[in-house]
Asker: 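Starting off with a structure, shown below.
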Amino acid sequence: MFRDAAAAVIGEAWLSGWTPDPRLSVCDWADANIILSSKSTANAGQFDSGRTPYVREILECLSPDSPVHTVVFVAGAQVAKSQSMFNYIGSVIDQYPGPLMMVQPTVDMAKRVSKQRLAPMFEDTPVLKRKVVEQKSRDGSSTMLEKAFPGGFLVITGANSAASLRSMPVRYLLLDEVDAYPQDVDGEGSPIKLAIARTSSFGDRRKIFMTSTPTIKGYSAIETEWLKTDQRKFFVPCPHCGEHDVITFDRLKFNAERLDDGVELVCNHCGALIEETYKTQMLAGGEWRATATSGSGLVRGYHVSALYSPYGWKSWRTCVEEFLEARGNPEKLKVWVNTVLGETWEEKGDGTSPDLLKARREQYTAEVPDGVRILVCAADVQKDRLEVKVKGYGADEESWLVAYTVLNGDPGQGEVWAELDDFLRTRFARADGTAMAIDTTLIDSGGWHTNSVYRYCKSKGGQRIYPLKGHQFPGKAIVSNPSRNNALRVPLFIVGVDAAKDLVVARMQVGRPGPGYMHLPEWADDDYLAQLTSEKAVRKYIRGRGVVRQWIKAPSARNEAFDLEVYCLAALYTRGHNYLAKLLGTGNVLARKPAPAEDAEPAEVAPTPKAPIAGPGKWGSNAPGTGPKWGQRASSAGTWGAF
Ligand SMILES: [Zn+2]
């Protein structure tokens, strides 16, 4: 037995006065200790890391002896990705204990993994059984599972619970299936960042192990992290000429009509056809080689596709069969690319490019161009500011961006709301010298400072200033009847975000002025246009739900301008169908489904006229009459994306 051999070496070393580090590498420890339960895997019995030799270097980086602190492992199906993580947990508990956290995409999945994979491993592996004790969660919540062991603890939780992600400092952080994490958790941003922040107090001693099957190109969290690394790939030797190469799908040779003839790998060097029976030998002779120079050396990336699955697990032939079945069906093909190749899928989403919109920018003749018949406003509430947009709508919902501003200040305090007051009282000039007031305003109450939004709207009773809450639910109407089911009895509008986004993006694609066309003024700069086009509709594979259509945004992108476009449309629709039909006509407007009229509120409130605000910088530097007074950003940085 390996353990006896190791003990003998250590014993001898002790006798000779030399004190070696008695700890085994993670793989050697797993080989010596891990018993795979038949309850959790088809490959029950003593664990053998020789089956998946590519895992060895990955886990060695994660032992305390290595200076590497972050490992990004991108993988296809059936390459022992999860088992690697479990082995690592076992070796940490037994050999270098400390606070350890494993994050699954959801709390439910965390519970499942704990029950179905970890519990049997702890039960069947004697050294772990002796050490691991079930704990009552220290915060008493059911969103966190906790186990204690001498010198540390293990927390298992879900990326959908912000509270548990920032519960305590951890030295070892395991992030499993990160591409299935929500982009934002409880309004606190990326769950990955939130969890990683917990490791900061351990400095260079921390270990972060992140794995996933990737999803959509440009939107995949694991891809984002992978691109920061040295991007290692596993080069295996050709059994015929000995040259090392990466196993790729395009090297597989097969006859689609006659798979029984075999699926073989072509050697790019000697041209030999390699049968899959050589795989075990090839994997054993493989080595990791960096394919990029990015990364500091302390962050490493590893990638293996399902084509590396050990002989007897997922075969090359199965990979080919699945490909042939998925061919011609983008949804299936995407799943195949993600799970077999372990690569991101490039989605041709329903979006619009900023360049196309840039080309349509025009000089308005006045703040409010002639076609506008109604002005509406929407405000987005952020932690430290309000972002506010004013749109004008004309016949058949042709629309004009009229103003956009940022009011800096804590929405938990009064000042920024007083500024919003000023702004909402503004009258916007028309070419004929008359002025126009904002008809309806919606303020997002679904994110930050919900109570402040409610209180503000309550104080504006009768002025058509309402809170809104976005619902991401396919098929939900853009605006539903308002509900007063809240403490302040304020009419709250629920906005069907998916439908509204579909309509907004469809309208961005309307190419010439007329029904539905969106006019943009010259001051709509690149950052504004980038925000406006920051999201696209994609088909996404979600475990347990299958393929779902979803609006997503690039991880780093800001999208307030797009959200506000959606909310302005919703603000218009709060006017109800009959009112809008009279005002804007019932022409061929793309899929318009306004809510029934909301009669409870007074029709029109004349806002108090207000003197133009002087002084450059605050609302933009244009003097009245020379251009869009509100057409620039209020922040001193003067640029989009400066936050
Ligand atoms: Zn060869």
Side-chain angles (χ1 to χ4, degrees), residues 25 27 31 43 48-61 71-81 83-84 213-214 226-227 229-295 300-327 333 336-344:
S25 79
C27 279
D31 285 338
N43 308 288
D48 176 11
S49 67
R51 305 219 68 195
T52 54
Y54 44 82
V55 165
R56 181 168 287 268
E57 182 181 311
I58 298 173
L59 292 180
E60 270 165 19
C61 292
V71 171
V72 177
F73 185 19
V74 190
Q78 298 199 36
V79 294
K81 178 165 58 78
Q83 188 60 45
S84 311
T213 299
W226 158 258
L227 291 174
T229 71
D230 55 2
Q231 302 174 26
R232 288 173 185 238
K233 297 203 169 164
F234 202 59
F235 286 68
V236 296
C238 165
H240 304 286
C241 72
E243 288 291 334
H244 283 69
D245 212 338
V246 180
I247 304 177
T248 52
F249 190 70
D250 58 10
R251 285 178 65 198
L252 291 187
K253 197 170 156 49
F254 56 88
N255 179 340
E257 309 300 318
R258 293 165 51 183
L259 288 183
D260 283 345
D261 290 356
V263 176
E264 291 163 319
L265 186 71
V266 182
C267 173
N268 282 336
H269 300 276
C270 70
L273 289 175
I274 306 163
E275 288 173 37
E276 191 163 10
T277 47
Y278 285 103
K279 206 196 238 173
T280 308
Q281 165 190 345
M282 291 164 78
L283 292 181
E287 59 192 42
W288 286 104
R289 293 182 189 168
T291 64
T293 50
S294 13
R300 282 199 187 170
Y302 294 91
H303 177 274
V304 285
S305 71
L307 302 175
Y308 286 84
S309 182
Y311 187 64
W313 292 14
K314 194 180 183 90
S315 68
W316 289 341
R317 178 179 170 150
T318 305
C319 295
V320 169
E321 282 169 351
E322 289 175 2
F323 167 73
L324 295 174
E325 207 193 304
R327 223 172 18 172
L333 200 56
W336 183 84
V337 166
N338 292 159
T339 58
V340 174
L341 301 187
E343 290 174 8
T344 51

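Note that the structure is a prediction, hence the values are computed from the model and not measured. Whatever order the structure lists them in is the order used to number ligands and atoms, beginning at 1. Computation of the quantities below employed the complete heavy-atom set of this structure, encompassing side-chain atoms and omitting hydrogens, waters and symmetry-equivalent molecules. The chain is numbered in sequence order, starting from 1.
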Asker: Would Cys241 count as a contact for the Zn ion (ligand 1), in the sense that one of its N, O or S atoms lies under 2.8 Å from it?
Answerer: yes

Asker: Could you give the distance from OH (Tyr311) to CG (Leu283), rounded to the nearest 0.5 Å?
Answerer: 12.5 Å

Asker: Is there side-chain contact between Arg317 and Leu259, with heavy atoms separated by less than 4.5 Å?
Answerer: yes

Asker: If you round to 10 degrees, what value do you get for the angle at the Zn ion (ligand 1) between Cys267 atom SG and Cys270 atom SG?
Answerer: 110°

Asker: Counting C-beta onward and ignoring hydrogens, is there a side-chain heavy-atom pair between Tyr302 and Cys61 closer than 4.5 Å?
Answerer: yes

Asker: Check Arg258 with Asp260, please: is the shortest side-chain N to carboxylate O separation under 4.0 Å?
Answerer: no

Asker: Examine all N, O or S atoms of His269, backbone included, and report whether one is under 2.8 Å from the Zn ion (ligand 1).
Answerer: no

